[in-house]
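Report on the structure given below.
Here is how names work: the chains are called A, B, and so on, in the same order as the sequence lines, proteins then strands, and each is numbered from 1.
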2 protein chains.
Amino acid sequence: MDQTARKVLIADDEPDIREFLQYNLSAEGYEVYTAKDGDETLDKAKRIQPDLIVLDVMMPKKSGVEVCQLLRSQSAFKDTIILMLTALNDDGSHIKGLENGADDYIGKPISPKVLVTRINALFRRLSKPKAGLLTMDSISIDPEKFVVRVEDKEVSLAKKEFELLYLLAHRPGRVFLRNEILNQVWGNEVIVGDRTIDVHIRKIRQKLGIDCITTVKGVGYKFER
Amino acid sequence: MDQTARKVLIADDEPDIREFLQYNLSAEGYEVYTAKDGDETLDKAKRIQPDLIVLDVMMPKKSGVEVCQLLRSQSAFKDTIILMLTALNDDGSHIKGLENGADDYIGKPISPKVLVTRINALFRRLSKPKAGLLTMDSISIDPEKFVVRVEDKEVSLAKKEFELLYLLAHRPGRVFLRNEILNQVWGNEVIVGDRTIDVHIRKIRQKLGIDCITTVKGVGYKFER
DNA sequence: CCCAGAGTTAATAATAACTTAATATTTAGT
DNA sequence: ACTAAATATTAAGTTATTATTAACTCTGGG
């Protein structure tokens, strides 16, 4: 299977809808997974880390809306594209979906053409470009393998630490405001105190051993050298 | 998501209006965030630093007018475009909005076309070109990296020093009154003595090494060369 | 169940930024 | 050249921001 294939998770309690979606999306080259209720969706989403989730509003265990809210409250899913599926294509549920963080919705019945077009459009519009390997002299950061190498020694960072370092390092010299950092790394729904950033910065400095993050007091942090 | 997408924050207590705006503005390529009451608006505005805020007049917690006033009293939002939304399209609330620092207003009900046209127009009319790199011969000022380079040597200034230098340098030759400087750099609520400016000027001159700030006695300062 | 690691918070310490006040120097007007 | 007013300079005092540490929660794996 293509290494860069987009992963799509389909969540619907009706087997024939799952099959229909799976068929059409596989044909488009997506890597498709399915779930049949809210809880299973959450489990699989966590394991698979899909790029897009097709979420039926009406599902057993947890409704699509609930699942959507739960996913959006976790920073791991802040960039996951969520497409709601609803039989009720009245404004009410449409609204409810988008309000809770969905990126788009489609009303049943679904035409294969509309579905595929919409999903492709979502990817075009929303997906972040895949992060690439960063290399500065004596330090390299690989987001694929999740590894940082400093002077030929491998350093393992925790996820938040890594994301923070990557954010700063992908634009060396540029100052990132604390707000920007919170938005990019934690997402704008999550609320954490300012000291949290400091603590992560400290751990990064500590683990890397070399001083490559500069504090700009009253402003933010930047990566240098 | 486009890295340079304009950020728009929508503040309205009615879910269907939020959704309506979100849908239409997302489709235009804006990066859209929402808030459902006054307090949430202030929180998110601070966090997200949107380029434009669509502000409903009638909201719980704090009204749009209050939010507008509060935002405008903070220097971080002096360039944020504010568009008021009101069901009462009588002159009274229109005036009240503009009086309190809003840049435009739209009366409900809203047509998507009008909305998008108006917002695009506001951006065209009001948005400042991104604070950019200033380059004069032998000196360059980079607000993104928060660094000044003088004859290929990097000089790091503290926040107030930098803001002051940037203010003067972005209009070389133009004299800035002490009052203007206080307003722009310190904001109009903060009260500091006149000597404070002198001290910062001195530090800048000292750090840069070259004399590029001229005193205009009895008037103010200007950047030259 | 317990442990280990990640993530967060809160309290305190440390430090840099900022402001002020006191004194010296410069400038412009007479 | 004298004077008054404005600015320059310096050092010291204050405040704001960040660094550091340790404790606490939460989660998943053994």
For this session: Take A:Glu28 and A:Ile119 through the side-chain contact (heavy atoms from CB on, under 4.5 Å) test and state the conclusion after the steps.
Result: CA-CA 10 Å; A:Glu28 273 292 300; A:Ile119 287 185; over 6 Å; no
Exercise. Are a donor atom and an acceptor atom from the side chains of A:Asn120 and A:Tyr30 found within less than 3.5 Å of each other?
Worked result: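 Judged by distance alone, the side chains do pair up.
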Exercise. Of A:Thr196 and A:Lys207, whose nearest nucleotide on DNA chain C comes first from the 5' end?
Worked result: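 With A:Thr196 and A:Lys207 compared, the 5'-side residue is A:Lys207.
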Exercise. Can you check salt bridge (Lys or Arg N to Asp or Glu O under 4.0 Å) on B:Lys62 and B:Asp39, steps first, answer last?
Worked result: CA-CA 6 Å; B:Lys62 286 191 175 58; B:Asp39 287 336; 2.7 Å; yes
Problem set entry | Working for side-chain contact (heavy atoms from CB on, under 4.5 Å), residues B:Leu208 and B:Arg205 | CA-CA 5 Å; B:Leu208 295 197; B:Arg205 285 172 168 159; over 6 Å; no
Problem set entry | Nucleotide range of DNA chain C lying under 4.0 Å from chain A heavy atoms |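 Answer, 5' to 3': C:dA6 to C:dA17.
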For this session: For each nucleotide in nucleotides 11-22 of chain D, reading 5' to 3', give B when a protein heavy atom comes within less than 4.0 Å of its base, S when such contact involves only the sugar-phosphate, and - otherwise.
Result: -----BBBBBB-
For this session: Go through the steps to decide whether B:Lys145 and B:Glu154 satisfy the test salt bridge (Lys or Arg N to Asp or Glu O under 4.0 Å), and finish with yes or no.
Result: CA-CA 11 Å; B:Lys145 297 184 173 13; B:Glu154 275 202 353; over 6 Å; no
Exercise. Would you find a donor on one side and an acceptor on the other, under 3.5 Å apart, between the side chain of B:Arg149 and the backbone of B:Ser140?
Worked result: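 Side chain of B:Arg149 to backbone of B:Ser140: no pair is present.
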For this session: Look up atom CG in A:Leu9 and atom CG in A:Leu55, then write down how far apart they are to the nearest 0.5 Å.
Result: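 Output value for this atom pair is 8.5 Å.
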Problem set entry | Derivation and outcome, side-chain contact (heavy atoms from CB on, under 4.5 Å), residues A:Ile204 and A:Phe162 | CA-CA 8 Å; A:Ile204 294 170; A:Phe162 190 91; over 6 Å; no
For this session: Using atom NE2 of B:His200 as one end and atom P of D:dT7 as the other, report the distance to the nearest whole Å.
Result: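 Rounded to whole Å, this separation is 17 Å.
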